[in-house]
*Asks:* 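Sharing a structure here in C-alpha cells format.
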2 protein chains.
Amino acid sequence: MATRSQRADALSKERIVEAAIEILDTEGESALTFRALTARLATGSGAIYWHVANKNELLAATTNDVIARVMTVGDAEPHDAIRAIALGMFDAIDAHPWVGAQLSREPWQLAMLRIFEAVGGPLRRLGVPERAQFNCASALVNYILGVAGQNAANARLVTAGTDRTAFLGGLADQWARLDAEEYPFVRQIAAGLPEHDDREQFLAGIDLILAGIDALIP
Amino acid sequence: MATRSQRADALSKERIVEAAIEILDTEGESALTFRALTARLATGSGAIYWHVANKNELLAATTNDVIARVMTVGDAEPHDAIRAIALGMFDAIDAHPWVGAQLSREPWQLAMLRIFEAVGGPLRRLGVPERAQFNCASALVNYILGVAGQNAANARLVTAGTDRTAFLGGLADQWARLDAEEYPFVRQIAAGLPEHDDREQFLAGIDLILAGIDALIP
DNA sequence: ACCTGAACACCGTTCAAGT
DNA sequence: ACCTGAACACCGTTCAAGT
C-alpha cells in the first residue's frame with residue numbers, strides 16, 4: 001500500500017479547510033470536531049495539528065475562505081456597490097450560518113478586513129470626507145456583522161426545531177402574550193413578524209445608514 | 001451541622017445566576033464551568049441542574065439580568081433617549097464583555113426584547129410611520145448587537161495579550177503592512193486606529209442611523 | 001422537594017513513536 | 001518532514017442514592 005505522502009490527496013491546510021467547510025455546511029457548527037475531521041480525512045489528530053495550529057486558526061481559515069469568494073467588488077454606482085456587498089454577505093451567511101457566528105466571535109481578522117476594504121472604495125467614491133470614512137465604514141461593517149450573528153443564531157434555532165414559518169409564528173404568539181404595559185412595542189411588532197422578510201429588512205437598515213452617510217457629503 | 005436546606009443561603013436560581021455573573025466578570029467566559037460553580041456554591045452539579053435546565057438557560061438568565069439593569073428608559077427627547085440606551089448597552093458590554101458574546105449568540109430572548117422595547121418608544125415619539133418602525137428598531141438593535149459582539153471579542157483578545165493601546169498599535173502596524181494594491185482603504189484607516197475612540201465611533205454609527213430615520217419622518 | 005457526587009460520553013490538544 | 005493514535009486534562013449532563 002502506498003504511504004500517505006505518496007498519495008495525490010496528501011494532507012495540506014487547503015484540504016483540511018475544505019473538509020472542515022464541508023462538515024460545517026452539512027452538519028453544522030457543533031459537528032466540527034477533530035475526531036470528525038480525522039475520520040473524514042482518514043488520518044490522526046496529530047497530522048491535522050501539523051498543518052493547523054489549533055481549532056481557532058482552522059475556523060478563521062474557513063471563514064476567510066468563504067468571505068473571499070463573496071467580496072468581489074465591482075465598479076457599480078457607490079450606493080449600489082455597498083448594497084451588493086451587504087447582500088452578498090447576507091446570502092453567504094444564509095448559506096453558511098457558521099460564518100456569521102465566527103465573524104462575530106473573532107474580529108480583526110482577514111475576513112473582516114476584506115469587508116472593510118470592499119466598503120471603503122465606494123465610500124471614497126461617494127465623496128465622504130476622509131476623516132468620516134472610518135466611522136462610516138465601521139457603522140456599515142458593524143451592522144452587517146450584527147445581522148450576520150443574529151442570522152447564524154436563528155439558523156441554529158430553526159434547524160433544531162421545526163421549519164422557519166412555524167418557528168416565527170410561535171415566536172409571534174409568544175411576543176403577543178407579553179405584558180401589555182411592559183412590552184407595547186414588541187406586541188405591536190409581533191403582528192408583522194411572520195410575514196416579514198429578513199433580507200428586505202436587512203437592506204432597509206443598510207439604506208438608513210446610507211441615507212445618514214449621504215447627509216455627511218459636502 | 002445544619003443541612004443545606006436550613007441555611008439562609010439555600011440554593012436558588014437567583015443565587016446561581018449571581019455566582020455565575022461573578023465568575024464571568026472576574027475570570028471571563030471560559031472560567032464559567034459547572035465545576036467552578038459547584039466549588040463556589042459548595043454544592044454538587046445535580047443541585048444546580050435542579051434549579052437551571054442547562055448552561056444555555058443559565059447564560060440567558062445572566063444576560064437578561066445585566067440588560068434589565070441598563071434598560072431603564074427615561075422620557076428624554078427621542079434622539080437623546082436612543083443615544084442613552086445605545087450608550088448604556090455599550091458601557092454594560094464594556095463592563096461585562098461576555099454579555100456581548102451571549103447576545104450575538106442567542107437572539108429572540110428576553111434581553112433582546114428589552115432593547116427593542118426601549119428603542120421602540122422613542123421611535124414612536126419621533127413620528128416614524130408605523131410600518132417603518134419595525135425596520136428602524138431592527139436596524140438600531142442589529143447595529144448595537146454587532147458592536148456588542150465585536151467588543152466582547154476584542155476584550156477577549158486584549159485580556160489574553162497585553163494592554164489595549166499596545167494591542168491596537170500592533171494591529172495598526174499589521175494593517176499598514178498589508179498589500180497596497182489589495183488593501184488601500186485598510187492601510188489608510190490604520191493610521192487612525194491607535195487613537196480612535198470606540199465609544200465615539202459607536203455613537204457616530206448611531207447618529208448615522210438616526211439621520212437616516214429622520215429622513216423617513218413625514 | 002432538594003441535594004450529592006460518581007459516572008458517562010464527549011471535547012481540544014499533546015507527544016512519543018513511527019516512516 | 002510528515003503522520004499515527006494513545007493519553008491527558010478537561011467539559012456538560014445524567015442519575016441512583018441520599019436527606
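We name chains A, B, ... by the order of the sequence lines, and we start the count at 1 in each one.
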*Asks:* Tell me which residues in residues 44-53 of chain A put a heavy atom below 4.0 Å from DNA chain D, sorted by number, or none.
*Replies:*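 Output list: A/Gly44, A/Ser45, A/Gly46, A/Ala47, A/Trp50, A/His51.
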*Asks:* Would a distance-only check, ignoring hydrogens and angles, find a side-chain to backbone donor-acceptor pair under 3.5 Å from A/Arg83 to A/Leu203?
*Replies:*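 Not a single qualifying donor-acceptor pair exists.
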*Asks:* With side-chain contact (heavy atoms from CB on, under 4.5 Å) as the test, pick out the partner of B/Leu208 among A/Ile213, A/Leu210, A/Leu140, A/Leu208.
*Replies:*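 Only match with B/Leu208 under side-chain contact (heavy atoms from CB on, under 4.5 Å): A/Ile213.
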*Asks:* So do the side chains of B/Met71 and B/Met89 get within less than 4.5 Å of each other, counting heavy atoms only?
*Replies:*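 Yes - at least one pair of side-chain heavy atoms lies under 4.5 Å apart.
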*Asks:* Could you check how far CZ of B/Phe34 sits from P of C/dC3, rounded to whole Å?
*Replies:* 15 Å
*Asks:* Could you check whether any side-chain N or O of A/Glu117 sits under 3.5 Å from a backbone N or O of B/Val186, counting only pairs where one atom can act as donor and the other as acceptor?
*Replies:*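 Yes; at least one donor-acceptor contact below 3.5 Å.
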*Asks:* What is the distance, rounded to the nearest whole Å, between atom CG of A/Leu37 and atom P of C/dC11?
*Replies:*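 After rounding, the gap between these two atoms is 12 Å.
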*Asks:* If the threshold is 4.0 Å, N to carboxylate O, is there a salt bridge linking B/Arg105 and A/Glu29?
*Replies:*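 Here B/Arg105 does not pair with A/Glu29 in a salt bridge, since their nearest N and O are not under 4.0 Å apart.
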*Asks:* Got B/Thr63 and B/Trp98 here, is their nearest side-chain heavy-atom distance under 4.5 Å?
*Replies:*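 A side-chain contact under 4.5 Å exists here.
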*Asks:* For C/dA6, what is the paired nucleotide under Watson-Crick or G-U wobble rules, both distances under 3.5 Å?
*Replies:*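 When the pairing criteria are applied, D/dT14 turns out to be the nucleotide that pairs with C/dA6.
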*Asks:* Relative to the ring of A/Phe116, is the ring of B/Trp175 parallel (under 30°), tilted (30 to 60°) or perpendicular (over 60°)?
*Replies:* tilted
*Asks:* What is the distance, to the nearest angstrom, from the CZ atom on B/Arg35 to the C1' atom on C/dA6?
*Replies:* 11 Å
*Asks:* Taking only the side-chain heavy atoms of B/Leu11 (C-beta and beyond), determine which of C/dC3, D/dT13, C/dG12 contains the nearest atom.
*Replies:*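 Closest of the options to the side chain of B/Leu11: C/dC3.
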*Asks:* For D/dT19, what is the paired nucleotide under Watson-Crick or G-U wobble rules, both distances under 3.5 Å?
*Replies:* C/dA1
*Asks:* Rounded to whole Å, how long is the line connecting atom CZ of A/Arg15 with atom C1' of D/dC2?
*Replies:*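 Roughly 14 Å, once rounded to whole Å.
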*Asks:* Could you tell me the separation between the NZ atom of A/Lys55 and the P atom of C/dG12, rounded to a whole number of Å?
*Replies:*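 For the pair A/Lys55 NZ and C/dG12 P, the rounded distance is 4 Å.
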*Asks:* How many Å lie between CG on A/Asn54 and P on C/dT14, as a whole number?
*Replies:*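 Atom CG in A/Asn54 sits about 8 Å away from atom P in C/dT14.
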*Asks:* Nearest-Å distance, CD1 (B/Ile16) to P (C/dC2)?
*Replies:*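 Rounding to the nearest Å, CD1 of B/Ile16 and P of C/dC2 are 12 Å apart.
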*Asks:* Using a heavy-atom cut-off of 4.0 Å across all strands, would you classify A/Leu32 as base, sugar-phosphate, or nothing?
*Replies:* sugar-phosphate
